[in-house]
Protein chains: 2
Amino acid sequence: METPTVDISQSEWEVMRIIWTLGPLKSSTLAAILTDKMGWKVATTKTFLGRLVKKGALVPEKQGREFLYHATVGEQASMDAAVTELFSHLCQMKIGKTLDHLITHVTLSKHDINDLQQTLTAKLPDAPAKVSCNCLPERCKEEVHEG
Amino acid sequence: METPTVDISQSEWEVMRIIWTLGPLKSSTLAAILTDKMGWKVATTKTFLGRLVKKGALVPEKQGREFLYHATVGEQASMDAAVTELFSHLCQMKIGKTLDHLITHVTLSKHDINDLQQTLTAKLPDAPAKVSCNCLPERCKEEVHEG
DNA sequence: AGTTATAATTTACAACTGTAAACGATGGTT
DNA sequence: AACCATCGTTTACAGTTGTAAATTATAACT
């Protein structure tokens, strides 16, 4: 079976990021960091921890009186899934421009850029001359104009 | 002022796509298309139309007994905003890989690819050798390891 | 003018989210 | 043994989302 990616909400991402970055943590550590970074009350962090455990994105490991929270889903896999999911709702025709906008505004290392260049180069030969719009169901690909 | 982008939910995107693609439409046309594409009941489409009007993403123009629903926000601008928003929750360090995954799995025209190549090439000179993780608040950039 | 089809608006309702307080259990302290 | 600081769990509560039925308004038809 594939990596079981879980639906993670915006705020829950913030919790996951810390754990992905630092490894398994106690709730008190998490809470401290997230109060600092997000301004959350301790109770808020606790709520998200509970929900993430219920969703299966985190697993608690008893350690003395507290728990260490371990991520069960991979960061890269989760990111890939979230991004793919979002793009699936967007018009295919506009994806090129959207990626262009994104790449323009995001921070990339020289290495990243080289990798992307290569991926693009590899993709070029099989690329179509034009991408068609996939916003309409098959039946409706003809003109419909009103107004 | 900038283009006023609106928060559009997953399902609402599907409504907007049709209007962005075909231009202003009557609710009956929309409902037919979305029943076809998404399997929605007419009432469901109506609900989303109402919400999108309330959110200001659509504006109804009376036309006889019905309304034509016009998009007030641009498709590209909305896509750019949605994608940027998502990426803002992701670890900077992993964005390169995420883009790579995305580019690998998405359909791009030769033209798109060329544009992206150019954007990347232009970005290369000023690109850092390494991107640092931005998942922790400033204070916490040192080691924290437990477990 | 009365009836009917249909368009728009209201209401419904459960699940998910953001945000957090309240409560109960438990290990550490006096 | 009694108390206190915490940790985890429950409860709270409003707003959003997905999904749709019910109701109301209204144009068109008879």
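Computed over heavy atoms, backbone and side chain alike; hydrogens, waters and symmetry mates excluded. Every chain is numbered from 1, with letters handed out A, B, ... down the list of sequences.
Each of D/dG18, C/dA7, D/dG8 was ranked by its minimum atom distance to the side chain of B/Q10; first place goes to D/dG18. Of all nucleotides listed (C/dA7, C/dA20, D/dT19), C/dA20 comes nearest to the side chain of A/T44. Side-chain proximity of A/A43 to C/dA21, D/dA21, C/dT17: nearest is C/dA21. The B/E66 side chain lies nearest to C/dA8 when the options are C/dA8, C/dT17, D/dG18. The A/R51 side chain lies nearest to D/dA12 when the options are C/dA21, D/dA12, D/dC7.
Regarding contacts with the backbone of C/dG28, a side-chain N or O of A/R65 is found under 4.0 angstrom from either OP1 or OP2. The side chain of B/W40 contributes no N or O atom lying less than 4.0 Å from OP1 or OP2 of D/dA20.
Nearest-nucleotide mapping onto DNA chain C: of A/E12 and B/G50, the residue sitting toward the 5' end is B/G50. Between A/G64 and A/S9, the one whose closest nucleotide on DNA chain C sits nearer the 5' end is A/S9.
Contacts of B/F48 with the nucleic acid, taken as non-hydrogen atoms under 4.0 Å apart, include base atoms. Within 4.0 Å (heavy atoms only), A/K41 reaches sugar-phosphate atoms of the nucleic acid but no base atom. At a threshold of 4.0 angstrom between heavy atoms, the contacts of B/K54 with the nucleic acid are absent. Residue B/T47 is in base contact, counting any heavy-atom pair closer than 4.0 Å across all strands shown. Counting non-hydrogen atoms under 4.0 angstrom, B/K62 reaches nothing in the nucleic acid.
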